[in-house]
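The block underneath contains the structure these notes are about, expressed in structure tokens.
Computed from a predicted structure; not experimentally measured. By convention here, the first residue in the shown sequence is residue 1.
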Amino acid sequence: MTSHLIRNARLVPLGPGEDAPDRPLDVLVEQGTVTAVGAALDRPAGVEESDAQGRWLIPGLWDQHVHLAQWTLASQRLDLAAARSPEDATRAVAERIAEWPDHPVIGWGHRSGGWDRDVTVSELDAVSGDTPVVLISGDGHHAWLNTTALMHLAMPVRDSVVREGEWFAAYARLSTLVGDDGTSPEAYRRTLDHAASMGVVGIVDFEFSGGAREWAERWAAGADLLRIRMATYADTLEDVIAAGLRTGDTLPGCDGRATMGPLKIISDGSLNTRTAWCCQPYADAHRLEYPCGQPNLSGDELRTLLARAHRSGLEVATHAIGDAAVAEALASYADTGARGSIEHAQMVGRDDVRRMAELGIRASIQPAHLLDDRDLTEKIWGDRAERCFAFRWMLDDGVELAMGSDAPVSALDPWLAIAAAVHRSADDREAWHGEQALTAREALAASVDGLPTVGAGSRGDLVLLDRDPLAAGEGTAATGELLRTMPVATTFVGGVAVHDVR
């Protein structure tokens, strides 16, 4: 049923300067849309009714940047997030092989950018023998494979990691190594159930995948709980265009909750891999083949892709982490008239933030990344750290913010992202460049797909919370803790309760 009357809900104001109503109100959702908000509303015939009992009501949360298959797989992989050296990682691999000698090892989460030396294939071979081993870095931009895995995935044997484009291409072949890779419709449904339990109603999926066909199969098999926007990449762009799909169109074989999203372009690399394209050299540039990182595409190649997508009715999501990459992406949007977002925008120039606002380009940001990248940023970007995760600049200059996780790089947890945007610290240290912090209201508003305070005309994608998300603790650390532990009572998608613990 897509119609529902929610009684006695406290509306959470999202707009600047807005005040909350002084008492709980009723909210009527009909055919998936809020049609009325007020006191003691009449219940239309046949409409289900429930009592919010004074809980706080917000628009449904969105994660605007997820690699859904990789996040679904993450629970089955060897967790290397705690590895602080190559030796830590190889020790964990050896222990896994001793426990499961006949199974390939797929690891996730190590961050070698902070280690004191580069890794080698040889040292991985020494602990793995003939067992295939693939260790995917926590930023997803490189993988450390042993020789057996390199050969299985038809890649040249080498003594170093596999980076960027070569790794992205190889990732699609990983299922040939692990067989049943855990991305069945049932596995996806479990992931979506968990997301709904945190108040998530929609996900932008940036997975490398079989595209609309695979989503139609999942949808028919029950992985249809939340709203999905499916991205495409350059190698499948022409297929999407030939199928007549435009951003916002319903995916074939699905209903209106699953739609075509943007073209995703990965224009540069990452901080951890030191391939993010910067205007100035990294502090440890003597170690690097490319002292400033490098672009993955020439300016002409980038503009050709943006123009092709724009002519074909597709928005564009351009991954740009370094300040040089951000500047080039914005120039390309300006030259082509394309619309869409900068994904990550991790280090920015002050003038480029203003340019982003002038062009109407969204900043698709992942605040939880600053928790992981704080120390490495200080080490290899130095005084440029003050221009990293510059959310306050963006908001004050009029840039639209859209928050997400980049799961599995960070957890698919909107409250972790909101808390990180507000407190900007994961430990007992002071907020990292607290001048760039957002308020809880601003961070929440950046997490609801651009929707305003719940009112007539709102989508019936709603979340009931057991606590006021705008309640402040004594300092940003306390507020961050309140946000990270936010209890979600009910999640509605189109007026249907997809999670309910009341």
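- We find the CG-NE2 distance between L78 and H103 to be 14.0 Å, quoted to the nearest 0.5 Å.
- Of the N and O atoms on the side chains of S405 and S410, not one donor lies less than 3.5 Å from an acceptor on the other residue.
- In summary, the side chains of R303 and S332 do present a donor paired with an acceptor at a separation below 3.5 Å, with no hydrogens or angles considered.
- Taking the six-membered ring for Trp, W71 and Y188 have ring centres at least 6.0 Å apart.
- Panel note: side chain D125, backbone T147; a donor-acceptor pair is recorded below 3.5 Å.
- Under the 3.5 Å distance criterion, with hydrogens and angles disregarded, no donor-acceptor pair is assigned to the side chains of R274 and Y282.
- Between Y333 and I342 there is a side-chain heavy-atom pair separated by less than 4.5 Å.
- V105 has its side chain out of reach of V134: every pair of non-hydrogen atoms, C-beta onward, lies at least 4.5 Å apart.
- Salt bridge status for D461 with R227: present, with a side-chain N to carboxylate O gap under 4.0 Å.
- The aromatic ring centres of H142 and H110 sit less than 6.0 Å apart.
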Residues M198, D413; criterion side-chain contact (heavy atoms from CB on, under 4.5 Å); working and verdict: CA-CA 7 Å; M198 293 181 288; D413 181 348; 3.8 Å; yes
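- With H141 as the partner, the ring pair (Phe, Tyr, Trp, His ring centres under 6.0 Å) test is satisfied by one option alone out of W167, F168, Y171: F168.
- Residues S128 and N146 have side chains that bring a donor and an acceptor to within less than 3.5 angstrom of each other.
- In this structure a side-chain-to-backbone donor-acceptor pair under 3.5 Å is present from S425 to R429.
- Under a 3.5 Å cut-off, the side chain of T491 and the backbone N or O of A196 do form a donor-acceptor pair.
- In summary, E214 and R218 engage in a salt bridge, as defined by a charged side-chain N under 4.0 Å from a carboxylate O.
- At a threshold of 4.0 Å, the pair E289-R163 does not count as salt-bridged, since none of the basic side-chain nitrogens sits closer than that to a carboxylate oxygen.
- The CG atom of L371 lies 8.5 Å from the CG atom of D427; values are rounded to the nearest 0.5 Å.
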Audit row: V162, L150, side-chain contact (heavy atoms from CB on, under 4.5 Å) steps and yes/no: CA-CA 9 Å; V162 181; L150 286 167; 3.8 Å; yes
Worked check of side chain to side chain donor-acceptor pair (under 3.5 Å) between T72 and T191: CA-CA 6 Å; T72 300; T191 295; 3.0 Å; yes
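- Other residues, nucleotides and ligands place no more than 12 heavy atoms under 6.0 Å from the NE2 atom of H194.
- For the residue pair T120/E123, the side-chain donor-acceptor check at 3.5 Å is satisfied.
- With hydrogens and angles disregarded, a donor-acceptor distance shorter than 3.5 Å links the side chain of E301 to the backbone of S298.
- Both cation-pi conditions hold for R424 and F391: the charged atom is under 6.0 angstrom from the six-membered ring centre and inside a 45 degree cone around its axis.
- Using a 4.5 Å heavy-atom threshold, the side chains of E442 and R392 count as touching.
- Note that the CG atom of L314 and the CG atom of L237 stand 6.5 Å from one another [nearest 0.5 Å].
- Between the side chains of W381 and Q280, no donor N or O sits under 3.5 Å from an acceptor N or O.
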Audit row: W277, N296, side chain to side chain donor-acceptor pair (under 3.5 Å) steps and yes/no: CA-CA 9 Å; W277 185 29; N296 291 327; over 6 Å; no
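- Under 3.5 Å, the side chains of Q346 and D323 contain no donor-acceptor pair of N or O atoms.
- Between the side chains of S85 and R117, not a single donor N or O lies within less than 3.5 Å of an accepting N or O.
- In this structure, T273 contributes its side chain and T275 its backbone to no donor-acceptor pair below 3.5 Å.
- Side-chain atoms of D159 come within 3.5 Å of backbone atoms of V121 as a donor-acceptor pair (strictly under, hydrogens ignored).
- Side chain of N272 to main chain of G113: a donor-acceptor pair is present (N/O by atom type, distance under 3.5 Å, no hydrogens or angles).
- The main-chain N or O of G15 is found under 3.5 Å from a side-chain atom of E18 such that the two form a donor-acceptor pair.
- In this structure, D397 pairs ionically with R350, as a charged nitrogen and a carboxylate oxygen lie closer than 4.0 Å.
- With hydrogens and angles left out, the side-chain atoms of D193 and H499 include no donor and acceptor closer than 3.5 Å.
- Remark: of the listed residues E386, E378, H423, E378 is the sole one forming a side-chain hydrogen bond (donor to acceptor under 3.5 Å, both in side chains) with W432.
- Taking a cutoff of 4.0 Å between a charged side-chain nitrogen and a carboxylate oxygen, R91 and D88 qualify as a salt bridge.
- For the atom pair CG of L416 and OG1 of T485, the computed distance is 11.5 Å after rounding to the nearest 0.5 Å.
- Of the inter-residue distances, the one linking D139 atom CG with D372 atom CG reads 10.5 Å to the nearest 0.5 angstrom.
- A donor and an acceptor atom, one from each side chain of S364 and E343, are located under 3.5 Å apart.
- Checked for salt-bridge contact, R387 and D352 miss the test: no charged N lies under 4.0 Å from a carboxylate O.
- Taking the six-membered ring for Trp, F206 and H65 have ring centres closer than 6.0 Å.
- The side-chain heavy atoms of C278 and R384, taken from C-beta on, include a pair separated by under 4.5 Å.
- Classification of D449 and R459 as a salt-bridged pair holds, one side-chain N sitting under 4.0 Å from a carboxylate O.
- Checking side-chain atoms of T247 against main-chain N and O of M260 turns up no donor-acceptor pair under 3.5 Å.
- For E358, the CD atom is densely surrounded, since the number of other residues' heavy atoms within 6.0 Å is greater than 12.
- One finds the CZ atom of R10 at 12.0 Å from the CG atom of L464 (value rounded to the nearest 0.5 Å).
- Counting only N and O atoms by type, the side chains of D466 and W56 include no donor and acceptor under 3.5 Å apart.
- Proximity of a side-chain donor or acceptor of Q436 to a complementary backbone N or O of W393 within less than 3.5 Å is detected.
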